[in-house]
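As structure tokens, the structure follows; a few thoughts come after it.
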Amino acid sequence: MSSVVEQTADHPTAPARAGRRPAAVLQGVALALGLVLMVGGFALIAIDYRPYKIPTASMHPTLRVGDTVLARKVGGGDIGRGDVVVFRDQAWGGELMVKRVVAVGGDTVATSGADHRLTVDGQPVDEPYLATQGGQGQPFSVTVPQGRLFLLGDNRVGSLDSRTHLEVDGGTVPAEAVEARVEATVLPFGRTGLLDRVTDFDGFASPKASQPGPLEPSAYAAVAGAALILVTSAVGGVAGLARRLRGRSS
């Protein structure tokens, strides 16, 4: 025969449990939300982005030897002037390379003046990202075929790029050779951060430098989710300990 526990002074268990139920529900909701944010943020980054390690100083100072970058997988049609891209072209040896797009199909890219300043369609381009100004090397002038790109390293005095392949298709590479667009440096931690969007080509017709992808909001969501899980777990643990201490002292 079952017994019934009455809510008397000798049996305070039921009201105490009822009083704790809303807090437990809120804790569960917070943990679930944190898990969704953390997993969702990391999943989006894992799906859209790939890590690459920088092997040379050709993109110094934007990217340095040994940097690990995150690059978003894109097609060549989504690339604009000023974008830093990862590409592979058999005419350049078939190795993965990282360079900056300075001209697209239909552009005439050249150097002019005593300082060999870069021009696109005769218009000078300010390039504040360069390691040294005026380091373009020998003068050149190339009209980029449609569907192809002209790429240079930011370290113009130490980069093997379109200027050193002028004898093959004017130094251009097919747009479909692009595998990804670099958006951030993740290692070493002292250099972690998003690449600044280049605005120096915005005066030209499209395509301009691309807008950032979902990397930043995804990273914030993942970090916020992890923080929410840690804080909620810590608060729940402290509250549980306080309840046990009160139970012992009563």
Side-chain angles (χ1 to χ4, degrees), residues 56-63 69 71-93 96-183 194-213:
T56 72
S58 69
M59 283 299 294
H60 182 85
T62 305
L63 302 173
V69 300
R72 189 183 187 195
K73 295 180 292 183
V74 295
D78 297 322
I79 296 301
R81 303 177 194 87
D83 286 342
V84 176
V85 299
V86 180
F87 67 98
R88 188 195 306 269
D89 186 19
Q90 294 304 318
W92 289 27
L96 276 177
M97 295 189 176
V98 178
K99 305 292 181 187
R100 188 182 299 274
V101 176
V102 298
V104 298
D107 291 343
T108 296
V109 57
T111 56
S112 66
D115 60 354
H116 295 169
R117 186 177 182 184
L118 187 75
T119 66
V120 176
D121 293 336
Q123 181 176 333
V125 179
D126 292 323
E127 297 186 280
Y129 43 77
L130 293 185
T132 57
Q133 297 295 322
Q136 306 291 344
Q138 294 298 316
F140 62 86
S141 179
V142 174
T143 297
V144 183
Q146 292 295 335
R148 299 185 73 86
L149 306 170
F150 197 89
L151 305 108
L152 299 176
D154 289 357
N155 181 13
R156 299 288 160 83
V157 297
S159 175
L160 300 178
D161 47 38
S162 288
R163 298 167 301 164
T164 56
H165 294 84
L166 292 174
E167 72 283 357
V168 181
D169 297 311
T172 64
V173 301
E176 60 265 24
V178 172
E179 295 188 6
R181 181 180 63 245
V182 178
E183 292 194 5
L194 297 174
L195 265 64
D196 293 331
R197 180 184 177 276
V198 171
T199 60
D200 305 278
F201 296 89
D202 284 357
F204 298 92
S206 294
K208 300 177 175 61
S210 306
Q211 295 294 333

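Excluded from the calculations below are hydrogen atoms, water molecules and symmetry mates; all remaining heavy atoms, backbone and side chain alike, are included. Heads up: numbering here begins at 1 and tracks the sequence. No experiment lies behind these values; they were computed from the predicted model shown.
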Would a distance-only check, ignoring hydrogens and angles, find a side-chain to backbone donor-acceptor pair under 3.5 Å from [X] to [Y]?
| X | Y | value |
| --- | --- | --- |
| Asp200 | Val125 | no |
| Arg100 | Gly82 | yes |
| Arg163 | Arg156 | yes |
| Lys99 | Met59 | no |
| Asn155 | Ala57 | yes |
| Asp121 | Thr108 | yes |

Does the side chain of [Y] come within less than 4.5 Å of [X]'s, by heavy atoms?
| X | Y | value |
| --- | --- | --- |
| Val101 | Phe150 | no |
| Pro207 | Val104 | yes |
| Thr62 | Leu195 | yes |
| Val144 | Leu149 | no |
| Thr111 | Thr119 | no |
| Val178 | Val86 | no |
| Val182 | Val98 | yes |
| Arg181 | Ile79 | yes |

Classify the side-chain pair Ser210/Asp83 by whether it contains a donor and acceptor separated by less than 3.5 Å.
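Per modelled atom types, Ser210 and Asp83 side chains form a pair under 3.5 Å.
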Nearest heavy-atom neighbours spanning Val102 and Phe201 =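 In this case the closest contact between Val102 and Phe201 is O-CE2, 3.5 Å.
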Would you list the atom pairs, donor with acceptor, under 3.5 Å between side chains in residues 167-177 and any protein atom, with sequence neighbours excluded?
{"unit_1": "Asp169", "atom_1": "OD2", "unit_2": "Arg148", "atom_2": "NH2", "d": "3.4"}
{"unit_1": "Thr172", "atom_1": "OG1", "unit_2": "Arg148", "atom_2": "NE", "d": "2.7"}
{"unit_1": "Thr172", "atom_1": "OG1", "unit_2": "Asp169", "atom_2": "O", "d": "2.7"}

Is the shortest side-chain N to carboxylate O distance from [X] to [Y] below 4.0 Å?
| X | Y | value |
| --- | --- | --- |
| Asp107 | Arg81 | yes |
| Arg197 | Asp202 | yes |
| Lys73 | Glu179 | no |

Checklist line | Distance, nearest 0.5 Å, that separates NE2 of His60 from OG1 of Thr56 | finding: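 Rounded to the nearest 0.5 Å, the NE2-OG1 separation comes out at 11.5 Å.
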Between CG on residue Leu130 and CG on residue Asp154, distance to nearest 0.5 Å:
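Those atoms lie 6.0 Å apart.
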Residue pair Leu118, Leu152: steps toward the side-chain contact (heavy atoms from CB on, under 4.5 Å) verdict | CA-CA 11 Å; Leu118 187 75; Leu152 299 176; 4.1 Å; yes
Exercise for the section: Would you please classify the geometry between the Trp92 ring and the Phe87 ring as parallel, tilted or perpendicular, with 30° and 60° separating the classes? Expected result: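 Taking Trp92 first and then Phe87, their aromatic rings stand perpendicular (interplane angle over 60°).
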